[in-house]
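To keep things clear, I will list the structure first and then write my remarks on it.
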Amino acid sequence: ARLEGLHVVEIILHPFGGMARFAHPPETPRAEFRIALAGPAASFLLTLLFVGSLAASNYAGTDILTLLLFLLALANLLIAVFNLFPGYPLDGGRVLRAYLWKQGRDLDEATILTGRCGQAIAIVLMILGLVFVILRGEYFTGSWAILAGLFLLDSATSIIREIESEAHVLVEDRMMLPIPISPETDIQKLVDDVLPMHRRTTFLVSNGDRFLGMLFLEDIKSIDKRSWRSTTVREVMRPACRDHFVLTGTPISEIRHLLEENHQDGLAVLDERDRLVGFLHRGSVAKRA
C-alpha cells in the first residue's frame with residue numbers, strides 16, 4: 001500500500017488475518033489488485049519458508065521442532081487459501097473488486113457486490129462451524145469457523161452500510177470555506193504569503209464570488225523564479241471548465257470518480273446561481289477502505 005502511495009491508518013487483526021484500513025481507497029484497479037495479492041503472497045512465501053525449515057528439522061531428527069514448523073506451515077497455507085475466497089474484505093474479494101472496477105463498474109458498486117459475497121461466505125462458514133460442533137463434536141474447529149464467520153460478516157456488513165449511508169451525504173456537508181485567489185495576484189506574493197498558510201496543490205481563482213479557474217502548483221514550476229513578480233495568477237491558471245467544479249446538492253458518492261479521473265486535490269463548489277461558496281478537498285471526499 002505504501003508503494004502505491006496510500007497512507008495506512010491501521011491494521012485490524014481478525015482470526016483469518018489482518019485487514020489494512022487506508023485514508024482513501026486505491027486510485028486505480030491495478031493498485032487495488034497488487035495490494036490485495038500482497039497478503040496471500042506473503043502467507044504462501046511463509047508456507048514455503050516453514051516447509052523448507054521443516055525438511056531440515058526432519059533431517060536433523062528434532063521431532064518437537066518439526067511438529068511446530070508443520071503447524072506453522074499449515075496455518076499460513078490455510079490463511080492464504082481462505083483469504084483468496086472472493087468476498088470483501090478478504091483479499092480475494094479485493095481482487096474481485098479490482099476486476100469489476102477494471103471492467104467499468106463504479107468502485108462503490110463493486111464494493112457492495114463483493115461485500116454481499118463476503119456476507120454469503122460468512123454465513124456458509126458459520127453453518128459449517130455449527131455442523132462441525134453439533135454433528136462431529138469438533139469444538140475447536142467449529143468454534144474457529146463460527147468466530148471467523150462472525151468477524152467476516154461484521155466487516156462485510158459495515159462496509160456495505162458505510163457506502164449506502166454515503167449516498168445521503170451531499171457536497172455541502174463536506175465542503176470547507178473557499179480561500180480564493182485574485183487573478184491579479186502575482187506568483188511571488190502567492191508563494192510568500194499564501195502557500196505558507198495553506199498547504200495545497202490546488203487553489204481556486206475568483207473575482208469576488210465569480211469562479212474563474214484553478215491554479216495548480218505544478219504549473220508554477222515551469223516558470224522562471226525571476227519572473228514570479230511580473231507573472232500574475234491569471235496568466236498561469238487554467239480557465240474554469242466543467243471538471244473543476246460541482247454544484248451544491250450533489251451526492252458525495254458522485255464526486256470521487258471525478259477526482260480520480262482529474263487527479264486534482266479538490267473542486268470548487270458553486271450554488272444554483274453559479275456563485276463560489278466552498279472548496280471540496282480530496283481528503284474530505286475519500287472514505288476509508
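Here, residue 1 is the first one in the sequence, and each next residue gets the next number.
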Legend entry - Side chains of Arg105 and Leu113 in contact at under 4.5 Å (non-hydrogen atoms): yes
Inset, instruction - Could you tell me whether the side chain of Ser57 and the main chain of Ser53 form a donor-acceptor pair under 3.5 Å? - result: no
Legend entry - Sub-4.5 Å side-chain heavy-atom contact between Thr66 and Leu54: yes
Inset, instruction - State whether the side chain of Arg242 and the backbone N or O of Phe245 hold a donor-acceptor pair below 3.5 Å, judged by distance alone. - result: yes
Inset, instruction - Mark yes or no for whether Asn76, through its side chain, and Leu72, through its backbone, hold a donor-acceptor pair below 3.5 Å. - result: yes
Legend entry - Member of Asp193, Asp186, Asp192 meeting the salt bridge (charged side-chain N to carboxylate O under 4.0 Å, His left out) criterion with Lys189: Asp193
Inset, instruction - Check Pro40 against Asp91 and note the closest heavy-atom contact, atom names and distance. - result: CD-OD2, 3.3 Å
Legend entry - N/O donor-acceptor pair under 3.5 Å between Glu172 side chain and Gly249 backbone: yes
Legend entry - Nearest-0.5 Å distance, OG1 of residue Thr248 to CG of residue Asp173: 11.0 Å
Inset, instruction - Please check if atom CG in Leu135 has more than 12 non-hydrogen atoms from other residues, nucleotides or ligands closer than 6.0 Å. - result: yes
Inset, instruction - Specify the closest pair of heavy atoms between Met214 and Val205, including all atoms of both residues, with the distance to one decimal. - result: C-CG2, 4.4 Å
Inset, instruction - Determine yes or no for a side-chain-to-main-chain donor-acceptor pair under 3.5 angstrom, with Ser222 supplying the side chain and Asp219 the backbone. - result: yes
Inset, instruction - Please answer whether the main-chain N or O of Leu77 pairs with a side-chain N or O of Thr47 as donor and acceptor at a distance below 3.5 Å. - result: yes
Inset, instruction - Decide if atom CZ of Phe33 counts as having more than 12 heavy atoms of other residues, nucleotides or ligands within a radius under 6.0 Å. - result: no
Inset, instruction - Answer yes or no: is there a side-chain heavy-atom contact under 4.5 Å between Leu215 and Leu190? - result: yes
Legend entry - Heavy-atom closest contact (Pro183 atom, Thr232 atom, distance): O-CB, 3.6 Å
Legend entry - Closest non-hydrogen atom pair between Pro178 and Leu204, with its separation: CB-CD1, 4.0 Å
Legend entry - Side-chain heavy-atom pair Phe22, Ile35 within 4.5 angstrom cut-off: yes
Legend entry - Charged N-O contact under 4.0 Å between Asp224 and Arg226: yes
Inset, instruction - Measure from the side-chain N and O atoms of Thr157 to the backbone N and O of Asp154, and report whether any donor-acceptor pair falls under 3.5 Å. - result: no
Inset, instruction - Search all heavy atoms of Ala98 against all heavy atoms of Glu32 and return the closest pair with its distance. - result: CB-CG, 3.6 Å
Inset, instruction - Taking Ser143 for its side chain and Phe140 for its backbone only, find out whether a donor-acceptor pair lies under 3.5 Å. - result: no
Legend entry - Ring-face cation of Arg97 near Tyr99 (centre distance under 6.0 Å, axis angle within 45°): no
Legend entry - Minimal non-hydrogen separation, Trp101 against Ala110, with atom names: N-CB, 4.4 Å
Inset, instruction - Rounded to the nearest 0.5 Å, what's the gap from NZ on Lys225 to CD1 on Ile220? Could you check? - result: 11.5 Å
